[in-house]
Amino acid sequence: MIYSKGLYTMKNEIRNELNLQINREMQSAYNYLGIATWCSEKGYPGSAHWFSLQAKEEMEHALKIYKYLLDRGETPTLESVGKPKAAFEDLRSTFEAALEQEREVENFLNAISVKAAEAKDHVTLNFLAWFLEEQVEEVASVQTILDQLSLAKDSLFLVDQELGKRTETESAGN
Ligand code: MG
């Protein structure tokens with residue numbers, strides 16, 4: 001897109017940060033797909049379903065940033081995605097890994113928001129607000145699952161069955 005440069009020209013630093021975030025979201029998607037594969041193999045189809053939908057959401061997050069860069073007249077740079085972890089100790093450790101990942105993503109999004117504020121890039125700041133809100137939900141939902149797993153102890157089957165009922169959310173896209 002030919003974009004007339006002016007008030008809304010994006011600073012290089014912000015563009016680079018958003019490029020990195022595209023990569024992090026894709027890496028998250030891949031990591032979740034890796035967990036989903038482990039869950040399928042170990043006989044947790046509900047959790048596999050939950051993690052595969054989570055992977056899809058992360059890809060949608062990546063695409064949302066990708067589209068934002070294009071809309072601002074910038075060219076996204078796509079970096080390589082690393083191999084995801086394939087082995088886990090037990091079901092609980094997969095959700096612990098998810099929680100750690102979401103907290104990490106939250107920290108990065110917050111750091112980019114700080115930089116956008118410093119650069120007086122209010123358009124990007126506004127764009128990132130959706131992601132920060134989304135992170136609050138993501139962290140809370142994984143935490144809730146971990147709580148359920150603690151309560152369920154030997155009834156992992158029931159928790160897994162519940163996770164199998166997850167439906168796609170509309171908010172992930174636009
Ligand atoms: Mg995400």
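Index from 1, following the sequence. This is a predicted model, so every value here is computed, not measured. Whatever order the structure lists ligands and atoms in, that order sets their numbers, starting from 1.
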- prompt: Can you tell which of R72, K11, R15 makes a salt bridge (charged side-chain N to carboxylate O under 4.0 Å, His left out) with D121?
  reply: R72
query: What's the atom name of the N, O or S in H61 nearest to the Mg ion (ligand 1)?
result: ND1
- prompt: Is the shortest heavy-atom distance from the side chain of W38 to the side chain of F51 under 4.5 Å?
  reply: no
Electrostatic pair R166:E57 at N-O distance under 4.0 angstrom: yes
- request: Quick one: report the N, O or S atom of E25 that is nearest to the Mg ion (ligand 1).
  value: OE1
- prompt: Does any N, O or S atom of E58, backbone or side chain, fall under 2.8 Å from the Mg ion (ligand 1)?
  reply: yes
- prompt: Could you walk me through whether E138 and Q54 pass the side-chain hydrogen bond (donor to acceptor under 3.5 Å, both in side chains) check?
  reply: CA-CA 9 Å; E138 305 257 282; Q54 192 66 21; 2.9 Å; yes
